[in-house]
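As structure tokens, the structure follows; a few thoughts come after it.
Chain A is the first sequence line, chain B the second, and so forth, proteins listed ahead of strands; every chain is numbered from 1.
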Amino acid sequence: MFAAEFIGPAIQQSFIKLSPRIMWRNPVMFTVEIGTLIMLLVTIYSFTVNDATVGRFGYNLVVFAVLFVTLLFANFAEALAEARGKAQADSLRKTREETPAKKINAVGEIFTDEIQVVASSMLRKGDIFYCETGDIIPMDGEIIEGLATIDESAITGESAPVIREAGGDKSSVTGGTKVLSDHIKVRVTTEPGESFLDKMIALVEGASRQKTPNEIALTILLASFTLIFIIVCVTLKPFADYANTTITIAAYISLFVCLIPTTIGGLLSAIGIAGMDRALRANVITKSGKAVETAGDLDTLLLDKTGTITIGNRKATGFWPAGNVNEKQFIEACVLASLADETPEGKSIIELADTRGFKKPSLQKDKVHFVEFTAETRSSGIDMEGLHIRKGAFDAIRQKVEKAGNKIPVETMNKTKEIAADGGTPLVVSSNDTALGVIELQDIIKPGIQERFERLRKMGVKTVMVTGDNPLTAKFIANKAGVDDFIAEAKPEDKMNYIKKEQSGGKLVAMMGDGTNDAPALAQADVGVAMNSGTQAAKEAGNMVDLDNDPTKLIEIVEIGKQLLITRGTITTFSIANDVAKYFAIVPALFITSIPALQALNIMNLKSPESAILSAVIFNAIIIPLLIPLSLRGVQYKPIGASALLRRNLLVYGLGGIIAPFIGIKLIDMLLGLWL
Amino acid sequence: MNTELTGVIVMFLLSVLLAIPLGKYIAKVFAGEKTLLDFMHPLERFIYRLCGIDPNRKMNWKEFLAAMLTINLVWFVYAFFMLIFQDKLPLNPDGNAGQTPDLAFNTAISFLVNCNLQHYSGESGLTYLTQLLVVTFLQFVSAATGIAALVALFNGLKEKTTNNLGNFWSIFVKATTRVLLPLSFVMGVILAFNGTPASFDGKDTITTLQGDTVNVSRGPAAGMIAIKQLGTNGGGWFGVNSAHPLENPNYFTNIIETIAILLIPMALIFALGYYIKRKKLAYVIFGAMTLLFIIFCSINIYFETKGNPALDKMGIAQDIGSMEGKEIRLGSAATAFWSIATTSTSNGSVNGMHDSLTPVSGGVAMLDMMINALYGGVGVGLLNYFIFIIIAVFISGLMVGRTPEFMGHKVEAREVKIAALITLLSTFLIKAGTAFAAYMLVHHPDVGWAVKPGAWLNNPGYHGFSEMLYEFTSANANNGSGFEGLGDNNVFWNVTTGIVLILGRYLPIIGPLAIVGLLANKKYIPQSSGTLRTDSMTFGVMTLAVIIIITALSYFPPLALGPLAEYFSMK
């Protein structure tokens with residue numbers, strides 16, 4: 001967290017951020033800056049003029065120094081968060097350093113085949129470039145022609161190459177990734193400096209960082225606390241006059257700075273940046289800080305079944321031969337029937353057989369005839385050496401078998417029903433119009449997904465599975481995975497309608513999508529996460545882009561959002577609770593000379609009024625760097641129910657916030673006692 | 001257990017036991033359900049016809065507030081001139097003079113805003129006409145205004161999404177005819193039978209055993225004293241309020257009057273539960289308030305029954321507690337209990353002099369008024385508590401990782417801004433007022449006012465500071481009780497507290513109604529398991545924590561310089 005590479009620039013930034021024009025954005029720290037400035041003048045004055053009412057020069061100088069350091073600490077927190085965020089973004093940006101681009105020149109609207117090599121920075125939105133095996137893609141874009149395998153490990157860290165092709169939902173390519181095979185023509189979709197990553201970096205750097213609604217509300221609350229303490233300090237003057245007490249300017253300013261919520265004021269923007277940074281570490285690019293915050297409020301998640309809840313497509317999970325067929329024979333028939341089947345289901349049958357020790361047989365091409373799947377026969381298979389092996393849906397095979405005068409064995413019949421009832425898909429295999437048995441295909445639910453949904457339920461988030469399956473199958477998988485609701489036989493507009501329905505009930509909805517037809521729903525959703533592999537339209541519509549293309553990412557995003565809010569809330573509570581102890585340190589110190597009875601309030605038994613006030617301001621300053629790690633890491637979120645979570649945080653940060661400064665101030669006072 | 005303590009416990013338990021059915025009844029009245037007092041309907045219809053009111057017109061929060069503020073302004077002008085010209089009007093058997101403009105300003109405002117800070121003494125400062133048609137009248141309508149404002153809040157919370165906070169006129173009239181008038185009638189009769197005067201005759205004369213002649217003030221007082229207690233008004237008929245033997249003749253009337261202080265403020269909390277059908281929320285609010293209330297009572301009863309340490313040092317026995325400024329017939333415990341009841345509810349009536357409370361008790365009484373939301377004034381107490389709820393909701397919402405929401409509506413920047421400003425306001429009014437007074441006292445002690453600043457304070461030092469702090473705290477809380485001993489009938493105090501009274505009354509009504517109006521307009525968010533439940537013990541504790549922290553942080557220095565410094569110096 002405090003890596004040396006961040007510290008240097010962060011320290012430098014801490015000084016740059018002292019500029020009132022930057023400070024102004026943070027009302028709490030801005031008042032500290034004014035106080036520091038006044039202290040500086042008082043210090044100079046007490047150096048030149050010997051005036052007892054303003055206190056000793058040395059003491060004033062120390063108070064000034066502590067206040068100045070308080071400011072630096074607050075700036076350092078923000079600068080460090082920025083540096084970390086930027087480093088994370090830079091490491092992504094590095095992938096898109098200057099690379100040569102093979103630009104296809106255009107004459108007017110018509111593109112010629114002429115290729116000109118230019119620097120990637122010369123490419124503008126709408127330009128077309130060409131990439132072939134071994135090329136680094138120079139710029140984000142959309143494939144308009146061709147298909148290629150691409151290594152996206154530079155961005156996702158995932159080494160397995162992916163296929164991207166023109167048309168369809170996997171047409172986006174990202175600058176910095178590498179073409180492994182084939183060649184593509186790509187149209188540039190963003191102007192240089194305007195890619196999502198660039199936008200994110202700008203957000204982190206603060207140039208275009210806007211306060212989120214909760215941040216604004218919190219700033220208002222903190223500003224009003226600051227105002228309360230301005231009133232406290234200003235009215236103290238006539239009160240002290242009445243009590244015949246002289247209070248030095250240093251003491252007034254110390255009291256003020258100690259009381260106003262400098263801890264949260266100093267850490268507030270760091271917490272916000274750290275939230276975006278955590279999202280970025282999860283390989284999610286957010287387009288605004290607000291989106292991260294909204295994620296914490298989500299009520300409903302729309303999750304695609306395939307890839308999120310289940311692993312890829314359905315797979316063969318069992319061979320169930322009929323009573324009179326031996327298993328070996330049956331599996332062999334299954335393998336033969338699936339040899340030419342290029343669908344994922346077909347391949348999974350071969351794989352399953354492979355695990356049982358059945359190797360793919362090598363056949364002489366001229367002696368066999370593969371029967372393709374047609375809508376008419378609804379089965380596929382192979383004809384060879386007098387064998388006619390078919391594989392297909394139960395109905396299709398039964399028709400065929402019964403037509404030939406044979407009967408489906410009872411075991412097969414029962415097994416078929418059983419599999420269907422379990423949410424699986426039965427495929428019946430026949431040889432020469434005799435049913436041999438059933439292959440069971442099942443959706444494989446991702447390991448651990450039930451626990452994640454349970455966790456979401458505890459957070460109060462409803463999960464909805466979106467699938468193209470029929471309602472029966474969908475229901476079965478929904479139950480098994482533990483989602484709360486499902487949309488079966490889903491069309492893109494169904495997602496949209498579901499989102500609108502939930503939103504009209506006041507809920508916040510998130511979804512993930514990649515296709516152009518997902519774009520309207522992504523835009524409609526409160527948090528729309530587009531996959532990086534998705535189309536440009538989808539990426540434009542959503543407010544986050546997931547570089548890993550991992551549909552389960554939504555769950556992490558929700559937690560990041562909650563963590564962001566909790567961190568803000570707990571540090572605010574801590575900061576305000578700290579004031580109790582500071583009052584007990586400073587108020588007796590101010591009045592002890594004129595009202596000796598108030599010594600009774602000096603419950604920490606601090607050595608002297610000067611030491612008490614210094615201890616309080618020093619504690620106030622060092623608590624900021626001490627809390628930087630917590631602010632950047634975030635307070636841990638535990639889905640234990642809102643009330644329990646409140647109790648826990650209130651106990652740790654509220655009660656802890658009251659007790660900690662008593663101990664801290666006392667310790668500092670003891671240390672100061674060695675010199676004073 | 002001694003009987004004094006038993007008396008206190010009986011008073012508290014009776015208040016709660018009576019408040020529950022009353023709360024249910026109040027909820028029914030405003031929900032338009034059948035009640036025992038439906039025979040008042042023709043009277044209400046007559047009032048509507050007379051004033052040209054359409055009782056069914058819906059009002060949004062702005063219209064509601066406009067109606068409320070307009071009629072309040074009319075009442076102010078009316079009261080101001082009545083008080084100035086009271087010497088020229090009938091029903092003045094004792095021949096009392098008209099009030100000076102600055103006193104009339106202060107008095108009119110003070111009764112209009114349900115505060116009843118009295119910079120005059122009832123026996124000589126008012127006539128029977130102004131006692132009845134200004135003071136008693138305002139005591140009814142100001143309490144009814146408070147109830148109306150609270151019912152508007154209920155209406156905003158009741159519906160999922162609505163613009164309609166109810167019709168001000170209709171709620172206001174019903175609050176008077178169905179709640180305040182009947183209760184005051186019953187209580188007035190009880191008081192009259194126990195010796196409180198209810199007569200239009202002037203001063204009576206008695207000859208004491210020593211042979212001296214003493215003039216005893218009388219008047220139609222019983223009814224006024226009833227509404228003074230029930231409507232958290234507090235402004236007494238006689239100068240020394242319920243410490244006066246005719247205003248509060250015996251321990252029985254003291255029980256009745258103490259219950260009357262707490263009754264409606266407590267009942268309105270239960271009414272919230274019945275009206276918006278969230279009884280648990282009402283119980284949590286009631287529980288949180290009661291916890292702090294009992295703590296405060298215990299502190300005051302402890303210190304008052306323990307006696308004055310200064311007298312202890314002199315070796316004087318104080319078996320019945322600190323009796324300075326207390327009535328023998330009532331005792332120190334009952335007076336201590338009353339001191340908390342009256343400061344909790346912004347009532348302000350007293351049955352013993354708060355100036356004579358031991359330092360810590362006096363400080364707790366002030367602290368209670370600084371919070372001003374433990375049961376609180378009729379209607380407005382719960383509005384004040386609502387502000388604390390909003391701040392508690394906001395901070396705890398963040399702490400559980402969700403955008404804060406209250407009763408299904410998001411609490412965002414605008415609502416937080418209003419709540420923060422209202423919290424800020426009381427700190428500002430109390431501290432700036434006290435600071436101004438302290439400044440005048442120290443730097444300009446000889447300004448030529450009716451009472452010179454240098455002569456304001458009866459006591460020097462810490463206690464004098466408490467007197468000034470108490471006055472502004474009482475004015476801001478619309479409480480009306482005083483640390484007497486302050487020379488407050490002069491331009492400075494009449495005008496400054498008058499301004500504090502207006503701001504301390506109307507802004508804390510406008511703020512919560514604006515918040516509830518804004519909230520009710522927002523989309524309703526159904527509850528999920530991630531939602532923080534506001535009707536849980538945890539949230540009750542959270543709200544209490546917010547109240548204590550905000551109050552402690554805002555007022556620690558002046559409380560340390562006044563009551564605490566006095567206490568530690570005496571110890």
Other residues, nucleotides, ligands: >12 heavy atoms within 6.0 Å of B/Arg414 CZ = no

Does any non-hydrogen side-chain atom of A/Leu601 lie less than 4.5 Å from one of B/Phe568?
-> yes

Audit row: B/Thr403, A/Leu508, side chain to side chain contact (heavy atoms under 4.5 Å, CB included) steps and yes/no = CA-CA 11 Å; B/Thr403 294; A/Leu508 293 180; over 6 Å; no

Value rounded to 0.5 Å, distance of CG in B/Asp535 from OG in A/Ser643 | 8.5 Å

Heavy-atom closest contact (A/Ala217 atom, B/Val416 atom, distance) | O-CG1, 3.6 Å

Residue part contacting chain A, namely of B/Tyr439, when any heavy atom lies under 4.5 Å | both

Look at A/Pro213, A/Gly505, A/Ala243, A/Gly641 and state which one has the largest set of heavy-atom pairs under 4.5 Å with chain B.
-> A/Gly505

For A/Phe229, is it the side chain, the backbone, both or neither that has a heavy atom under 4.5 Å from a heavy atom of chain B?
-> side chain

More than 12 non-hydrogen atoms from neighbouring residues, nucleotides or ligands closer than 6.0 Å to CZ on B/Phe436, yes or no?
-> no

Give the intermediate values and the outcome of side chain to side chain contact (heavy atoms under 4.5 Å, CB included) for residues A/Ile220 and B/Glu415.
-> CA-CA 10 Å; A/Ile220 289 172; B/Glu415 292 80 36; over 6 Å; no

Heavy atoms, side chains only, cut-off 4.5 Å: are A/Asn214 and B/Pro404 in contact?
-> yes

Relative to chain A, which segment of B/Lys160 carries a heavy atom at a distance below 4.5 Å: side chain, backbone, both, or neither?
-> neither

Ring geometry between A/Phe239 and B/Phe465 (parallel below 30°, tilted from 30 to 60°, perpendicular above 60°) = perpendicular

From the list A/Leu645, A/Thr573, A/Ile571, side chain to side chain contact (heavy atoms under 4.5 Å, CB included) with B/Met399 holds only for A/Thr573

Heavy-atom pairs under 4.5 Å with chain B are the metric here; pick the option from A/Asp579, A/Ile216, A/Ile586 that has the most.
-> A/Asp579

Please state whether the side chain, the backbone, both or neither of B/Ala552 comes within less than 4.5 Å of a heavy atom of chain A.
-> backbone

Select one option (side chain, backbone, both, neither) describing which atoms of A/Val587 are under 4.5 Å from chain B's heavy atoms.
-> side chain

Please report the shortest heavy-atom distance between A/Ile595 and B/Ala565, naming the atom on each side.
-> CG2-CB, 3.9 Å

Does a side-chain heavy-atom distance below 4.5 Å link A/Leu646 with B/Arg533?
-> no

Flag, side chain of B/Lys431 to backbone of A/Val234, donor-acceptor distance under 3.5 Å = no

Look at atom NZ of A/Lys237 and say whether more than 12 heavy atoms of other residues, nucleotides or ligands are closer to it than 6.0 Å.
-> no

For the student: nearest non-hydrogen atoms of B/Arg402 and A/Lys562, plus distance = CG-NZ, 3.9 Å

Honestly, the part of A/Leu236 sitting under 4.5 Å from a heavy atom of chain B is side chain

Could you tell me whether the side chain of A/Tyr242 and the main chain of B/Val442 form a donor-acceptor pair under 3.5 Å?
-> no

More than 12 foreign heavy atoms under 6.0 Å from CE of B/Met570: is that the case here?
-> yes

Heavy-atom contact with chain B under 4.5 Å, split by part of A/Lys638 = neither

In Å and rounded to the nearest 0.5 Å, what is the OH to NZ distance from B/Tyr524 to A/Lys507?
-> 11.0 Å

Value rounded to 0.5 Å, distance of OG1 in B/Thr423 from CG in A/Leu227 | 11.5 Å

Chain A contact via B/Leu457 - which portion, at a heavy-atom distance below 4.5 Å | side chain

Any side-chain heavy-atom pair of A/Thr245 and B/Leu561 under 4.5 Å | no

Does any heavy atom of chain B fall under 4.5 Å from the side chain of A/Arg648, the backbone, both, or neither of them?
-> neither

If you take all heavy atoms of A/Gly569 and B/Leu398, which pair is closest and at what distance?
-> CA-CB, 3.5 Å

Looking only at heavy atoms, which two atoms of B/Thr427 and A/Ile231 are closest? And how far apart?
-> O-CG2, 4.2 Å

Side-chain heavy atoms of B/Ile550 within contact of A/Phe225, under 4.5 Å = yes

Evaluate whether atom NZ of B/Lys522 has more than 12 neighbouring non-hydrogen atoms of other residues, nucleotides or ligands under 6.0 angstrom away.
-> yes

Find the one option among B/Gly461, B/Gly408, B/Gly562, B/Ser536 whose heavy-atom pairs under 4.5 Å with chain A are most numerous.
-> B/Gly461

Heavy atoms of A/Val232 and B/Pro557 approach each other most closely as CG1-CG, 3.8 Å

Which answer fits B/Met468, side chain, backbone, both or neither, if we ask what part of it has an atom under 4.5 Å from a heavy atom of chain A?
-> side chain

Quick one: does A/Val580's side chain get under 4.5 Å of B/Phe556's, heavy atoms only?
-> no

Contacting region of B/Thr434 [heavy-atom separation from chain A under 4.5 Å] = both

What residue, out of B/Ile391, B/Leu532, B/Leu441, has the most heavy-atom pairs lying under 4.5 Å from chain A?
-> B/Leu532

Engaged part of A/Tyr583 at the chain B interface, taking heavy atoms whose separation is under 4.5 Å = both

To the nearest 0.5 angstrom, please state how far the CD1 atom of A/Ile576 sits from the CD1 atom of B/Ile395.
-> 5.0 Å

Which one of B/Val546, B/Leu421, B/Thr161, B/Leu424 has the most heavy-atom pairs closer than 4.5 Å to chain A?
-> B/Leu424

How long is the span from the CD1 atom in A/Ile228 to the OG atom in B/Ser426, to the nearest 0.5 Å?
-> 7.5 Å

Region of A/Asp297 that comes under 4.5 Å of a non-hydrogen atom in chain B = both

Region of A/Ile230 that comes under 4.5 Å of a non-hydrogen atom in chain B | neither

